[in-house]
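So the structure is just underneath, and the comments pick up after that.
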There are 2 protein chains.
Amino acid sequence: MQIIEVERKILAKNDEIAQENRRFFEKEGVYVYNLLSSPGAGKTSILERILERLKDKVNIGVMVGDVQTANDAERLDKYNIQVVQIITNGGCHLNSMMIKNGIGKVNFNNIDILFIENVGNLVCPSNFDLGENCRIVITSTTEGDDKPLKYAPIFYSANVLIINKIDLLPYLPANMNEIKNNSLKINPKLKIFEVSALNGNGIDGLCNWIIGNIKR
Amino acid sequence: MQIIEVERKILAKNDEIAQENRRFFEKEGVYVYNLLSSPGAGKTSILERILERLKDKVNIGVMVGDVQTANDAERLDKYNIQVVQIITNGGCHLNSMMIKNGIGKVNFNNIDILFIENVGNLVCPSNFDLGENCRIVITSTTEGDDKPLKYAPIFYSANVLIINKIDLLPYLPANMNEIKNNSLKINPKLKIFEVSALNGNGIDGLCNWIIGNIKR
């Protein structure tokens with residue numbers, strides 16, 4: 001019981017700081033996306049395709065969480081945007097306090113959109129509100145059609161689903177309709193985008209939707 | 001500090017029960033594999049290929065952990081072996097107590113090998129000894145070459161690495177040498193197998209090695 005009590009306190013404290021973050025982002029007029037997926041589903045690659053298309057049109061910042069290494073931040077640095085790497089040192093998810101600490105490292109005067117790239121994990125990040133406006137879960141065609149059913153909480157908590165690696169469909173025993181139906185079974189409100197971060201298919205539509213959410 | 005203290009107690013308790021499990025498996029002459037990977041890297045598919053080849057030669061049991069659904073146990077049930085599904089109800093990893101509870105559901109009189117399929121998660125399961133003899137981490141060619149560096153603890157804690165989905169290599173910007181070198185940088189002792197659960201390449205070699213570990 002002691003463990004459950006500690007967990008409850010951690011989540012309550014996390015929610016409180018997430019609300020502070022949300023108020024801060026609101027005041028600054030920043031729209032915040034929290035990107036969640038398995039390791040290797042393509043969070044960073046999709047961000048790269050988005051940055052290529054949008055970095056000269058809108059002002060974008062990124063906070064990127066990893067268990068170890070600053071590889072992802074280095075990949076994103078070449079787009080000349082503000083990137084903050086958060087290393088969790090073994091931690092399996094980002095929490096709202098890490099984002100609050102990251103806020104101090106970004107100049108929000110000229111930021112319209114902040115992407116938060118979470119740690120690659122389809123389980124633990126689902127419980128941790130970071131203060132985002134929109135939660136995007138990314139799955140890839142290579143992961144198996146039943147992932148939404150098996151990792152339901154994260155699909156249930158998301159607003160948007162991106163299905164990545166559609167370029168690999170001809171070589172896989174995957175069924176796009178199954179992936180979509182299973183996702184909608186868990187969360188009928190999910191908005192779905194189908195993309196390939198490798199060849200860019202579907203990324204323009206995703207970018208148009210992203211721009212449409214800007215507050216100012 | 002309270003949280004760290006609780007974590008320390010949880011891990012100490014887990015290690016204690018894992019040792020009990022290990023003594024039990026030793027007494028029963030069962031060799032135990034703990035399979036870890038991201039969601040969708042192919043744990044269940046690889047198990048299916050192994051069962052097709054070995055189920056009539058040796059006696060195999062499986063305990064399979066999932067956040068939700070009994071899909072994996074149902075997939076494995078058709079091989080006429082003993083399968084126990086452990087549903088964690090949101091929990092992000094298996095622990096030694098879950099395995100201890102599962103032990104009561106298996107008749108070990110005629111089991112030579114027990115496979116434990118962990119929850120799909122490249123972070124949290126690394127800290128939790130289950131009482132296994134051998135820890136196998138599975139990565140797939142689609143996940144990106146740098147995963148061993150970014151999710152180092154799990155690669156560091158493993159004895160064996162299986163690189164799955166080698167059939168997709170012609171369609172990916174993946175570099176097999178990079179995956180292997182990055183893995184060996186984290187853990188130079190890793191024994192590495194390259195396989196395709198889809199077309200069966202490399203599975204025979206894996207099965208020969210698995211049989212070689214049997215105790216009786």
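Chain naming here is simple, since letters A, B, ... match the order of the sequence lines and numbering starts at 1 in each. When reading the values below, keep in mind they use all heavy atoms of this one structure, side chains included, and skip hydrogens, waters and symmetry mates.
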ask   = Is it the backbone or the side chain of A:Leu198 that comes under 4.5 Å from a heavy atom of chain B, or both, or neither?
value = side chain
message = Suppose we screen for salt bridge (Lys or Arg N to Asp or Glu O under 4.0 Å). Which residues come up paired with B:Asp15, at least two apart in sequence or across chains?
response = none
key: Under the salt bridge (Lys or Arg N to Asp or Glu O under 4.0 Å) test, residues paired with A:Glu16 that sit two or more places apart   = A:Lys13
ask   = Top residue by heavy-atom pair count (under 4.5 Å) with chain A, among B:Cys92, B:Gly40, B:Pro39?
value = B:Pro39
Choice from B:Leu149, B:Thr44, B:Thr139 maximising heavy atom contacts with chain A below 4.5 Å = B:Leu149
ask   = Highest number of heavy-atom pairs under 4.5 Å with chain B: which of A:Ile87, A:Asp72, A:Asp167?
value = A:Asp72
remark   = Among residues 119-138 of chain A, residues within the sub-4.5 Å heavy-atom range of chain B, in order of number, are A:Val119, A:Gly120, A:Asn121, A:Leu122, A:Val123, A:Cys124
task = Using heavy atoms and a sub-4.5 Å threshold, report which of residues 171-196 of chain A line up against chain B, by residue number.
result = A:Tyr171, A:Leu172, A:Pro173
task = Sort B:Lys147 into side chain, backbone, both or neither according to what part of it lies under 4.5 angstrom from a heavy atom of chain A.
result = side chain
message = If I measure from the heavy atoms of chain A, does B:Leu168 come under 4.5 Å with its side chain, its backbone, both, or neither?
response = side chain
inquiry  = Does this structure show an ion pair linking B:Glu143 with B:Lys165, if we count only N-O contacts that are shorter than 4.0 Å?
reply    = no
message = Quick test of your reading of the model: are B:Arg49 and B:Glu52 salt-bridged, counting only N-O distances below 4.0 Å?
response = yes
key: B:Ser96 and B:Asn21 side chains, donor-acceptor separation under 3.5 Å   = no
key: Test item: B:Tyr33 side-chain N/O and B:Ile210 main-chain N/O as donor-acceptor pair under 3.5 Å   = yes
request  = Taking A:Asn164 for its side chain and A:Ala197 for its backbone only, find out whether a donor-acceptor pair lies under 3.5 Å.
outcome  = yes
message = Set out, in order, the CA-CA distance, both residues' side-chain angles and the distance that settles side-chain contact (heavy atoms from CB on, under 4.5 Å) for A:Asn14 and A:Met97, then state yes or no.
response = CA-CA 7 Å; A:Asn14 183 78; A:Met97 193 64 202; over 6 Å; no
request  = Evaluate the criterion side-chain contact (heavy atoms from CB on, under 4.5 Å) for residue pair B:Val84 and B:Val106; output intermediate values, then yes/no.
outcome  = CA-CA 8 Å; B:Val84 175; B:Val106 178; 3.5 Å; yes
ask   = So, for A:Trp209 and A:Tyr31, is the gap between ring centers shorter than 6.0 Å?
value = no
ask   = How long is the gap from CG on B:Asn201 to CG on B:Leu206, to the nearest 0.5 Å?
value = 12.5 Å
request  = Could you tell me the separation between the CG atom of B:Leu54 and the CD1 atom of B:Ile113, rounded to the nearest 0.5 Å?
outcome  = 6.0 Å
